[in-house]
There are 2 protein chains.
Amino acid sequence: MNRKTSSANEINKLKFHCEMDVAMHYVGGKWKTVVLWYLIEDKKRFNEIKKLIPNITEKMLSIQLKSLEEDGIIKKEVFNVKPPLKVEYSLTDFGKTLIPLLQYLVTWGGFVVKEKSHSIHTKQ
Amino acid sequence: MNRKTSSANEINKLKFHCEMDVAMHYVGGKWKTVVLWYLIEDKKRFNEIKKLIPNITEKMLSIQLKSLEEDGIIKKEVFNVKPPLKVEYSLTDFGKTLIPLLQYLVTWGGFVVKEKSHSIHTKQ
DNA sequence: CAGCATCCTTTATGATACTG
DNA sequence: CAGTATCATAAAGGATGCTG
């Protein structure tokens, strides 16, 4: 695999130094991977996601959903115009290409929790 | 896989909401994955990494390397005490468990660059 | 229900100069 | 060579109240 990534990539006016930058643009930050994780299973409504992630604020959830939608990772469907609104979020086909990555992240995270809780790992 | 992650995990005094939080703690941020990517191949010196990532500042590289070392992902070896110093950074065994993830990230990033540059993907 | 607006604090990142 | 110190901005995150 090529590590000599001296040329910059450009996607929608954004410049990236390397493929890693590109990937992290889509899944980086504190919340995106968590939100996406809960959308793998099935489409969900705003408050469903909110309840699944107790410590996220409505503002942050709103920002993440908007960002993911703009990036084409998820799609938003509005089912009625008058309150109470019904809105559903789901992965796009493009977003589904992230599933293996999300699964690996969760698996690795779980692995680390086990390792660390058993104090197998120490600082080197 | 279990998505009901209501219980918090704790690693070295840090609390995490779910496995995803844990994983992102180790590889999140703008630089960590990039730095780690260049360390897969072989151990490297500070200025070697710096040259491979032209737009990183010494300060940021220093912060990332310190953080990765504290997390046990990389190890630092100092070979002489008097300037000019020789310091080498390399992945620990624990850090090497991240390699598949890093490879997937780069592969996915490359895939996206291709897709987007061909305008196959549009906002939904 | 599904958000947005506002104000605020905390992290992250950056530019530049300097040191053992 | 391998960093640190300082000053600064930008981005992320959060609390609270309000709205169509």
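Side chains are part of it too, since the values below use all heavy atoms of this structure and drop only hydrogens, waters and symmetry mates. Labels below follow one simple rule: chain letters A, B, ... track the order of the sequence lines, proteins then strands, and each chain is numbered from 1.
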B/F94 six-ring face occupied by A/K116 cation (under 6.0 Å, within 45°) = yes
Kindly indicate whether a cation-pi arrangement holds for A/K76 with A/Y89, taking the cut-offs as under 6.0 Å to the six-membered ring centre and within 45° of the axis.
-> no
N or O in side chain of B/R45 less than 4.0 angstrom from D/dA2 OP1/OP2 | yes
Distance check: side-chain N/O of B/Q64 vs OP1/OP2 of C/dA12, anything under 4.0 Å?
-> no
Which nucleotide in the list C/dC1, C/dT13, C/dG20 gets nearest to the side chain of B/P83?
-> C/dG20
B/K51 or A/K30: which one's nearest nucleotide on DNA chain D is closer to the 5' end?
-> B/K51
How many whole angstroms separate atom [atom1] of [X] from atom [atom2] of [N]?
X	N	atom1	atom2	result
A/K44	C/dC1	NZ	P	17 Å
B/K82	C/dG20	NZ	P	11 Å
A/E69	C/dA2	CD	P	15 Å
B/E48	D/dA2	CD	P	8 Å
A/M60	C/dT10	CE	C1'	12 Å
A/N55	D/dA15	CG	C1'	14 Å
B/I56	C/dA12	CD1	P	14 Å
B/H25	D/dG13	NE2	C1'	17 Å

Check whether any side-chain heavy atom of B/V78 sits under 4.5 Å from a side-chain heavy atom of B/K86, and report yes or no.
-> no
Is there side-chain contact between B/K96 and B/I99, with heavy atoms separated by less than 4.5 Å?
-> yes
Give me, pair by pair, the N or O atoms of the protein and of nucleotides 3-8 of chain D that are less than 3.5 Å apart, along with how far apart they are.
unit_1: D/dG3; atom_1: OP1; unit_2: B/K76; atom_2: NZ; d: 3.0
unit_1: D/dG3; atom_1: OP1; unit_2: B/Y89; atom_2: OH; d: 3.2
unit_1: D/dG3; atom_1: OP2; unit_2: B/Y89; atom_2: OH; d: 2.4
unit_1: D/dG3; atom_1: N7; unit_2: B/E58; atom_2: OE1; d: 3.0
unit_1: D/dG3; atom_1: O6; unit_2: B/E58; atom_2: OE1; d: 2.8
unit_1: D/dT4; atom_1: OP1; unit_2: B/K66; atom_2: NZ; d: 2.7
unit_1: D/dT4; atom_1: OP2; unit_2: B/S62; atom_2: OG; d: 2.4

Do B/W37 and B/Y104 have their ring centres less than 6.0 Å from each other?
-> no
Pair A/W31 + A/Y38: ring centers closer than 6.0 Å = no
To the nearest 0.5 Å, atom NZ of B/K43 lies from atom CD1 of B/I74 at 14.0 Å
